[in-house]
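Here the structure is laid out as structure tokens; the discussion comes afterwards.
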Amino acid sequence: MTIMAAASREGKVLSDVVFAAGAAAREAAALYGEDKVVNATVGCYAGEDEKLACLPVVEQLYRSLPMSDFITYAPPIGLEGYRKAVIDETFEDCRPEGYVDAVATSGGTGAIHIAIANYSEYGEAVLTTDWRWNIYDCLCREIGRDLHTFSMMDDKGRFNTAAFSAAVSNILRCQDSLLIILNTPANNPTGFALSDEEWADVLEICRLHEKNGKRISILVDIAYIAYAGEKNRVRSFMKQFAHLPEHIFTMFAFSMSKGYTLYGQRAGALVGLSSSKDVIEEFANLGKYSARTSWSNINRAAMTLMTKIRSDRDLIAQLDLERMRFAQSLRRRADIFTYEADRCGLSYVPYKGGFFISIPTKKSAAVCHELQKDLVFAGPLAQGVRLGVCSIPEDKMKGLAATVKKALDTVEGTNDLMVAGK
Ligand SMILES: Cc1ncc(COP(=O)(O)O)c(C=O)c1O
């Protein structure tokens, strides 16, 4: 075998089991007909016709933009109107007091990358939940960080504050600083969300360590927040970030992929919030530097679109209404699944909203394999099986819980795992 890559890069292969399952679903659809196949692997919202959906107000405005918006360079830090719009949408009416800035990034992925690069040390640990978007692992590994996880839920289906506290203490025994990533509300892959009380516990734990001289950065990944529920209710936790000590820094990974159905247009932002002006100035400088050296600048047309929508009350109202319709459809699909799961005794991670529902199992690959015999294609994750409610129409949701239960029982006997259904 001829090797040309640098020694440090050898053996880096992206293994994406969810994409592989998606390819199998497409093959099955070609063979048996689309109506026979449930493709639960997709992470984008599809309507009841199973076609990728675009929010109408986004499509109409995007198509009306002049060519110059698509071809002109943008500043690396992002257009000023866009950065303001991102900050407004991140917080809505729940903006905490403090210094705030935003850096445009290549989607939410770019925001997470910048946060890891600038707020964790090379060779050190970054902390997140065990139920997580598996790309966090790659994003950390790519730049020499080590992703550690803690158990997201306790045995009552609540955020596992004790496990979080233990993990933070453990890591901070060997490190002076720590980056914590929490994907909430509408967690991928579970639909779980931390309550305001659970957030208060998280911040209390961080404060204790800060008092002992540690520096803590918290990255809240809000990629799916647009479909998590009423916009100010799902953001109420953010108010707690006001007046945190200077050495607790909060960031938000904002994405236009889901909230604007612009997945391929690669627009997002990293938003920073601090009680210290210096921290925010440093954040903007670092972010600009990272952006310029990673992707240079992002899609100007997407930034213009968001700026236009956010500066017009009627357009905001229209967007809210259209998003609500998508969210209601997600809720109906999830309700069918959870109702049937409760009836047939299938355990699932408490779902509060968003694109995905997950079934805990240690044998996810075998369960997904078994499901394929019934032409159901799902993503096998380390903690369980992920079902993309976002892309399964209501009539295909019917009976799905029983099919999953059957596959689980076949693979592991009875489904009596740790997490209670509700
Ligand atoms: C949890 C989570 N965060 C962030 C992202 C980033 O998405 P994008 O880079 O398309 O904005 C995704 C995409 O699937 C995600 O699932």
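Nothing fancy with the numbering, it's 1 onward along the sequence. Whatever order the structure lists ligands and atoms in, that order sets their numbers, starting from 1. Heavy-atom basis, side chains included; hydrogens, waters and symmetry copies ignored.
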Within the 6.0 Å centroid threshold, strictly below: Tyr351 and Phe192:
no
Under the ring-ring contact (aromatic ring centres under 6.0 Å, His included) rule, what pairs show up with a residue in residues 88-117, not counting sequence neighbours?
Phe91-Phe252
What are the atom names and distances for all N or O pairs under 3.5 Å between ligand 1 and the protein?
unit_1	atom_1	unit_2	atom_2	d
ligand 1	3 (N)	Asp221	OD1	3.3
ligand 1	3 (N)	Asp221	OD2	2.5
ligand 1	9 (O)	Gly108	N	3.2
ligand 1	9 (O)	Thr109	N	2.9
ligand 1	9 (O)	Thr109	OG1	2.5
ligand 1	9 (O)	Arg266	NH2	2.7
ligand 1	10 (O)	Ser257	OG	2.6
ligand 1	10 (O)	Arg266	NH1	2.9
ligand 1	11 (O)	Gly108	N	2.6
ligand 1	11 (O)	Ser255	OG	2.6
ligand 1	11 (O)	Ser257	OG	3.0
ligand 1	14 (O)	Tyr224	OH	3.4
ligand 1	14 (O)	Lys258	NZ	2.9
ligand 1	16 (O)	Asn188	ND2	2.7
ligand 1	16 (O)	Tyr224	OH	2.7

Could you walk me through whether Glu89 and Arg310 pass the side-chain contact (heavy atoms from CB on, under 4.5 Å) check?
CA-CA 8 Å; Glu89 184 163 324; Arg310 293 291 318 187; 3.5 Å; yes
Does the ring center of Tyr260 lie less than 6.0 Å from the ring center of Tyr62?
no
Set of side chain to side chain donor-acceptor pair (under 3.5 Å) partners for Glu204, sequence neighbours left out
Arg207
For Arg63, the side chain to side chain donor-acceptor pair (under 3.5 Å) test, sequence neighbours excluded, returns Glu59
